[in-house]
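Side chains are part of it too, since the values below use all heavy atoms of this structure and drop only hydrogens, waters and symmetry mates. The first residue of the sequence shown is numbered 1, and numbering continues consecutively from there.
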Amino acid sequence: MANSGVGQGLVVSFGEMLIDFVPTVSGVSLAEAPGFLKAAGGAPANVAIAISRLGGKAAFVGKLGDDEFGQMLAGILKENNVCAEGINFDKGARTALAFVTLRNDGEREFMFYRNPSADMLLKPEELNLNLIKSGKIFHYGSISLIVEPCRSAHMKAMDEAKKAGALLSYDPNLRLPLWPSPEYAKEQILSIWNKADLIKVSDNELEFLTGSSKVDDETAMSLWHPNLKLLLVTLGEKGCNYYGKNFKGHVAGYGVHAVDTTGAGDSFVGALLAKIVDDLSIIQDEAKLKEVLKYACACGAITTTQKGAIPALPTPAAVLQLLKTGAK
């Protein structure tokens, strides 16, 4: 473990965990799908498991329904050695469900069942503050900003982590069907923008947040804020662009046969955070950062080769294989 290059500092991941129902057949609508496979999902939980699977230390903070699915998800976190001490169970609300259709190209469309789901009902006073304060990195998305009381819990957790000296890592993970309107989504996603030290957006999210159809340096840098240490724009199979305080550049992706892109971005983020948690200076050292981003891109690529997010998250051996051969 010591020489795996993966950190033993704790990454705390905050937000939603849910069940994704993925059609057994790709390229059909939800209505036409003959059946569904259930897979654990939810971006912050995926990130926590990705970190743990790569040999790092991760904890998940959120709320699940006190139902079979909630117990199953808590079990999956524990099986993957993710600390589950930050989980609350709600007796009155169900664990969230998402039905995910896979188009022929492996891209996804979502339909959510949350009315309200347990993750939306996490209250500030239910937070495990000792756990949150013990993390070196605090990672979160934007889905937890949509409604109260979860929004207040999110703000409190973020502020407590920051006060305790954690690096704040933000992946907005835009899911428009969950928001009352695109305008509200943009406003809320940007409402906490300036608090983050590290931000990762996809090319689609860049377009949504800036209103520009260009995925270029100028568009990306319009999202820069003075406290930011690193901005990443992921480009699917084309890799990612990175922007630091004193440098910018591009890391190429890996050509693999993609069957389901679910969790690829989370795998990328998990790999990055696992690698930098014990040496945050990496994000200011371009040469080291490029190596870490190559590793993260390889993790993302491997995750697209299998259905579902968590089952597809890679082990260190699989990543090394891809880095060595350049193809799956």
Side-chain angles (χ1 to χ4, degrees), residues 11-22 36-50 52 58-80 82-100 110-132 135 138-158 160-161 170-180 184-185 188-189 192 262-263 266 308-311:
V11 181
V12 177
S13 203
F14 175 90
E16 71 286 350
M17 187 175 194
L18 47 100
I19 309 266
D20 287 327
F21 283 92
V22 187
F36 295 88
L37 297 166
K38 71 174 190 299
N46 294 343
V47 168
I49 292 176
S52 186
F60 174 73
V61 175
K63 199 171 202 185
L64 301 168
D66 193 3
D67 51 32
E68 290 244 340
F69 284 148
Q71 299 299 339
M72 176 191 126
L73 292 177
I76 286 169
L77 287 169
K78 287 173 190 153
E79 273 162 38
N80 284 280
V82 172
C83 168
E85 286 166 27
I87 292 178
N88 288 270
F89 289 94
D90 197 294
K91 290 205 178 309
R94 294 277 185 222
T95 300
L97 308 179
F99 286 82
V100 187
F110 292 89
M111 185 161 88
F112 292 91
Y113 283 73
R114 292 158 52 96
N115 188 27
S117 54
D119 58 288
M120 301 157 76
L121 302 175
L122 180 66
K123 300 186 189 86
E125 60 270 22
E126 292 173 320
L127 292 168
N128 182 335
L129 293 180
N130 288 339
L131 178 65
I132 289 164
F138 182 73
H139 176 75
Y140 49 90
S142 70
I143 289 171
S144 39
L145 297 173
I146 300 173
V147 290
E148 291 292 359
C150 188
R151 187 179 193 282
S152 291
H154 179 132
M155 301 305 279
K156 178 167 182 162
M158 197 168 61
E160 291 289 345
Y170 185 20
D171 175 359
N173 197 43
L174 178 68
R175 296 284 177 264
L176 270 180
L178 291 177
W179 291 88
Y184 185 66
Q188 287 300 307
I189 286 170
I192 60 166
T262 308
D266 304 327
I310 290 167

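Between the CD1 atom of I310 and the CD1 atom of I76 there is a distance of 6.0 Å, given to the nearest 0.5 Å. For the atom pair M155 CE and Y140 OH, the distance stands at 9.0 Å (nearest 0.5 Å). E16 contributes atom CD, which lies 13.0 Å from atom OG1 of T95 (distance to the nearest 0.5 angstrom). Expressed to the nearest 0.5 Å, how far CE of M120 lies from CG of N115 amounts to 7.5 Å. Taken to the nearest 0.5 Å, the CZ atom of F89 stands 9.0 Å off from the CG atom of D67.
Here the side chains of C83 and L131 are in contact, with some heavy-atom distance below 4.5 Å. Between L145 and Y184, every side-chain heavy-atom pair lies at or beyond the 4.5 Å cut-off.
A donor-acceptor distance shorter than 3.5 angstrom exists from the side chain of D171 to the backbone of N173, with no hydrogens or angles considered. With N128 contributing its side chain and E85 its backbone, the two residues share a donor-acceptor pair below 3.5 Å. Side-chain atoms of Y170 do not come within 3.5 Å of backbone N or O of S142 as any donor-acceptor pair.
S52 and N80 are not linked by any side-chain donor-acceptor pair at a separation below 3.5 angstrom, with hydrogens and angles left out of the test.
Aromatic ring centres of F99 and F110: separated by at least 6.0 Å.
More than 12 non-hydrogen atoms from other residues, nucleotides or ligands lie less than 6.0 angstrom from CZ of R114.
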